[in-house]
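When reading the values below, keep in mind they use all heavy atoms of this one structure, side chains included, and skip hydrogens, waters and symmetry mates. Computed from a predicted structure; not experimentally measured.
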Amino acid sequence: MNPSSINSLLLFLMLLFVASEAGFLQHKQDILVYNDLQAGTNLTLHCKSKDDELGIHVLTYQGNPFEFKFRPHFFGVTLFYCSMEWNGVVHRFDIYDYKKDFDKCVFCLWNIKATGPCMLNYSTSKYDICYPWKTTV
């Protein structure tokens, strides 16, 4: 490879990195999950994606949230899914699906209720974007 090609490649990689860090490719998502089950009920949360294992976290009722941040994949295929357990029962939900959530929030706040997860709706200032638990076949 000649020096001119190497310089061009390095310049391209540097510009790509700067564009990525400046947020030109995709904005960073911030997800916060709160336990809103009932007083005295802990929520055990285990979230991951195809590439990231976020670990197991125990959330107390209306206590500190579980938070994670990421930059969505350039091609819009980002998916984070979680298992949520309390009182010996496990539920599943896709806490972030690019196709469903990208236009709804950058700072995504979730309240986990027994009936399903509810996201903060910035238009109404209420947790009224609610979904049922994912059924497994």
- Message: Has W133 got a side-chain atom pairing as donor or acceptor with A114's backbone, closer than 3.5 angstrom?
- Response: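 The answer is yes, because a donor-acceptor pair under 3.5 Å joins these two groups.
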
- Message: Closer than 3.5 angstrom, by distance alone: can the side chain of N121 be matched with the main-chain N or O of S123 as a donor-acceptor pair?
- Response: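 Here the side-chain-to-backbone pair exists.
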
Might you point out which heavy atoms bring [X] and [Y] nearest each other, and give the distance in Å?
{"X": "Y122", "Y": "F107", "answer": "OH-O, 2.6 Å"}
{"X": "Y61", "Y": "G40", "answer": "CB-N, 4.2 Å"}
{"X": "W110", "Y": "M119", "answer": "CZ2-CE, 3.0 Å"}
{"X": "Y127", "Y": "C118", "answer": "CD2-O, 3.4 Å"}
{"X": "P132", "Y": "F93", "answer": "O-CD1, 4.0 Å"}
{"X": "H57", "Y": "L54", "answer": "NE2-O, 2.7 Å"}

Within this structure, what is the [atom1]-[atom2] distance for the pair [X] and [Y], rounded to the nearest 0.5 Å?
{"X": "L32", "Y": "C108", "atom1": "CG", "atom2": "SG", "answer": "9.0 Å"}
{"X": "M84", "Y": "T44", "atom1": "CE", "atom2": "OG1", "answer": "11.5 Å"}
{"X": "S49", "Y": "Y81", "atom1": "OG", "atom2": "OH", "answer": "7.0 Å"}
{"X": "C130", "Y": "N111", "atom1": "SG", "atom2": "CG", "answer": "9.0 Å"}
{"X": "C82", "Y": "R92", "atom1": "SG", "atom2": "CZ", "answer": "11.0 Å"}

Side-chain contact test, heavy atoms from C-beta onward, threshold under 4.5 Å: evaluate it for [X] versus [Y] and give yes or no.
{"X": "N35", "Y": "F66", "answer": "no"}
{"X": "T78", "Y": "Q29", "answer": "no"}
{"X": "V33", "Y": "P65", "answer": "no"}
{"X": "P72", "Y": "Y96", "answer": "yes"}

- Heavy-atom neighbours of K99 NZ exceed 12 at 6.0 Å: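 No, because the 6.0 Å sphere around NZ of K99 holds 12 heavy atoms or fewer from other groups.
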
Would a single hydrophobic cluster contain both [Y] and [X], if residues Ile, Leu, Val, Met, Phe, Trp and Tyr are joined by side-chain heavy-atom contacts under 4.5 Å?
{"X": "F80", "Y": "L120", "result": "no"}
{"X": "F68", "Y": "V106", "result": "no"}
{"X": "L79", "Y": "I31", "result": "no"}
{"X": "V58", "Y": "L37", "result": "no"}

- Query: Hey, which of L109, L59, N64 is the one that makes side chain to side chain contact (heavy atoms under 4.5 Å, CB included) with Y34?
  - Reply: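 Exactly one pass, corresponding to L109.
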
- Task: Check each of N42, I56, V90, L45 against E85 using the side chain to side chain contact (heavy atoms under 4.5 Å, CB included) test, and report the only one that passes.
- Result: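 In the set N42, I56, V90, L45, the residue that makes a side chain to side chain contact (heavy atoms under 4.5 Å, CB included) with E85 is V90.
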
- Task: Can you tell me which residue pairs pass the salt bridge (charged side-chain N to carboxylate O under 4.0 Å, His left out) test with a partner in residues 43-60, sequence neighbours excluded?
- Result: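 Matches after skipping sequence neighbours: none remain.
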
- Mind checking salt bridge (charged side-chain N to carboxylate O under 4.0 Å, His left out) for K113 and listing every partner two or more places apart, or none if nothing turns up?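 So K113 forms a salt bridge (charged side-chain N to carboxylate O under 4.0 Å, His left out) with D36.
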
- Query: Which residues satisfy the salt bridge (charged side-chain N to carboxylate O under 4.0 Å, His left out) test with D94, sequence neighbours excluded?
  - Reply: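 Testing D94 for salt bridge (charged side-chain N to carboxylate O under 4.0 Å, His left out), a comparison that skips the adjacent residues, returns K134.
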
